[in-house]
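Residue numbers begin at 1 in each chain, while the letters A, B, ... track the order of the sequences. Given the structure is predicted, the values throughout are model-derived calculations rather than measurements. All values below were derived from every heavy atom in this structure, side-chain atoms included, with hydrogens, water molecules and symmetry-related copies excluded.
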Amino acid sequence: MIKINQLTKYYGKIKAVNGIDLHVGGGEIFGLLGPNGAGKTTTIRMLTMLAKPSGGKAFINGYEITRDLLKVKKEIGVVPQYMNLDIEMTTWENLELHGRLHKMPKDDRRKRIQELLDYVELRDRAGDLVGKLSGGMKRRLMVARALMHYPHVLFLDEPTVGLDPQTRRRIWDLIRRMNNDGMTVLLTTHYIEESEMLCHRIGIMDRGQLIALGTPEELKKRVGEVVVETLNQGCTKYKFFADREQAVKYARSLKQNVIIRESNLEDVFVELTGRKVGD
Amino acid sequence: MNGGNYLQFVVPGIIALSAMNTSFNTVGASLNMSRLYHKTLEEYLTAPISAFSIVLGNVLAGSLRGILASIIILGLAFVFGAKITVNFWFFLIILLTCFLFASLGVVAAMTIDSHEDMSNFSTFVILPMSFLCGTFFSSEKLPEFIRYFIELLPLTHASQSLRAIAWGYDFPAVSLLVFLGYSVVLFAAGVIVVRKVK
Ligand SMILES: Nc1ncnc2c1ncn2[C@@H]1O[C@H](COP(=O)(O)OP(=O)(O)OP(=O)(O)O)[C@@H](O)[C@H]1O
Ligand SMILES: [Mg+2]
């Protein structure tokens, strides 16, 4: 369970996170979406105590993040946005070190490492130096490492960036499986379909603020479930309607070809964050 | 001063110097890289271990390397025929020197925000210290106010104490207090800067 209360982070004049309130229930998979620089990573870094909040409070399973440091650390697993494995150690050693840092007994460590290496299909690379793994393999190992100590709350910052589709699905399955056992998950992603397939609820962040919150269906309802696309001078315009009837009526009033279709989460995202790619 | 005497003079200084350099640099460089570049420090910061353990681990690792480096110098000195006395106190002083400079390495690595400034710190703080603190020549001929300042530096006490022992004298007990004082203060500072997240 994650409770966030007016959490704020300033970097000088930049308001990286500007007072967000959020409650992620126990056993929920929650996705944070938002354009580059929205403040997703900063939020996760505060929740994992790698950045000090400028204001506000946050609780992980009831523990306040700035006060109950060690207790919070026992609860959480973290997959950061950038690679931070030890490249001078082997795949196995990275997991072993993590298990030791979390004071796992030896037999547990060995069993868990084998299980996770099988799951992320790195068993035959167990003895290789991490520096020699491919980017996607490193990513898989980072997810495995974060799950090593059976965390109750898992933070994933763009966990599947750069992964091939099969591997991405395996990682989703792994997250889902751990979630079925009761693990709470907060993840960020730029892959809209990922959030739609994996997350129970989604929050959209923009410029340090949470501007929308809900299930994918709720978010689509909020913007309009049917969209009419028109092409004007090489630039596509989107207009949203609550149902098909209204959309068709509008389309008829135009004297050009249009596309009428159901809106998807990407439409919602673009509409709410008010920017298109390249803007 | 003939060659044999100078060897007797300079070897304890060089041992102190290499204890300082090795322990400071191994901890400083690797922790600074781990914090700013490899980001592997975060793996430790998000694990349920205390800042105290993180600092202790780094300092002990740095001290071990410092001691090994000193032993190598000592071995070479014997090969070159230096006649110096080595006892328990000799090694204790090397250990304390390593410990305090490894702790300084932690403080520097955690507070200096680029690799360039890290090496600047070595160039402008550590290197002048090794020149001034009675390593290669006695500081007795220096002006008085500089001597007072030099007396405050831990490396001075390390060179002087090691030299005293090497020549078969007692070393000043106050030096031991200086080492302990610096060690406690720098180690505590290390714990504080590791605990303080940005
Ligand atoms: N260490 C830092 N020092 C100064 N400013 C920072 C720092 N970290 C982040 N910021 C600023 O805070 C804002 C939010 O950055 P953040 O990394 O949280 O965005 P994000 O949503 O994760 O973006 P992306 O999708 O690109 O990963 C940005 O304007 C960024 O420049
Ligand atoms: Mg980010």
Side-chain angles (χ1 to χ4, degrees), chain A residues 9-12 16 41-42 44-54 60 63 65-66 68-89 93-104 130-131 138 141-142 145-146 148-149 151 153-155 157, chain B residues 22-23 25-62 64-65 68-69 102 105-115 117-118 187-198:
Chain A
K9 177 73 183 178
Y10 299 148
Y11 286 110
T41 297
T42 307
I44 287 193
R45 286 178 63 82
M46 284 192 282
L47 293 174
T48 54
M49 290 153 304
L50 292 171
K52 198 193 192 99
S54 312
I60 309 252
Y63 301 119
I65 52 166
T66 55
D68 307 318
L69 229 62
L70 284 183
K71 283 185 181 134
V72 175
K73 287 174 182 177
K74 278 189 193 139
E75 299 289 318
I76 62 171
V78 190
V79 178
Q81 186 169 353
Y82 34 75
M83 207 291 291
N84 75 338
L85 298 162
D86 197 318
I87 53 171
E88 290 168 13
M89 291 202 285
E93 285 165 348
N94 267 276
L95 295 174
E96 171 73 12
L97 171 68
H98 189 89
R100 286 193 194 190
L101 287 174
H102 283 81
K103 305 184 174 70
M104 292 172 75
V130 166
K138 287 181 191 144
L141 179 57
M142 281 171 66
R145 184 182 63 175
M148 181 76 194
H149 59 288
V153 179
L154 181 65
F155 294 95
D157 202 350
Chain B
T22 310
S23 48
N25 282 328
T26 49
V27 173
S30 75
L31 191 56
N32 196 247
M33 289 283 272
S34 156
R35 181 170 76 95
L36 298 173
Y37 181 63
H38 297 302
K39 308 277 188 192
T40 39
L41 180 64
E42 291 182 3
E43 164 75 352
Y44 298 86
L45 291 178
T46 51
I49 49 173
S50 61
F52 181 89
S53 310
I54 294 177
V55 176
L56 187 65
N58 275 285
V59 167
L60 289 184
L64 182 67
R65 294 207 185 134
L68 287 178
V106 172
V107 176
M110 293 302 296
T111 50
I112 294 174
D113 285 331
S114 78
H115 313 316
D117 287 342
M118 213 38 215
F187 190 90
V191 173
I192 288 168
V193 291
V194 168
R195 197 174 282 159
K196 198 189 83 191
V197 286
K198 294 241 165 95

S.K.: Can you say whether A/K103 sits under 4.5 Å from chain B via the side chain, the backbone, both, or neither, judging by heavy atoms?
M.R.: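 Side chain of A/K103 only, per the 4.5 Å heavy-atom cut-off to chain B.
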S.K.: Under 3.5 Å, is there a donor-acceptor pair linking the side chains of B/H38 and A/D86?
M.R.: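 Side-chain D/A pair, B/H38 to A/D86: absent.
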S.K.: With sequence neighbours excluded, tell me which residues meet ring pair (Phe, Tyr, Trp, His ring centres under 6.0 Å) with B/F52.
M.R.: B/F187
S.K.: Would you mind checking which part of A/L85 comes under 4.5 Å of any heavy atom in chain B, side chain (CB onward), backbone (N, CA, C, O), both or neither?
M.R.: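 The backbone, not the side chain.
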S.K.: Does this structure show an ion pair linking A/K74 with A/D68, if we count only N-O contacts that are shorter than 4.0 Å?
M.R.: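 A/D68 and A/K74: not salt-bridged.
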S.K.: At a heavy-atom separation under 4.5 Å, does A/H149 approach chain B through its side chain, its backbone, both, or neither?
M.R.: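 It is neither, since no heavy atom gets under 4.5 Å.
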S.K.: Quick one: list whatever passes side chain to side chain contact (heavy atoms under 4.5 Å, CB included) with A/L101, sequence neighbours left out.
M.R.: A/L97, B/E43, B/Y44, B/A47, B/I49
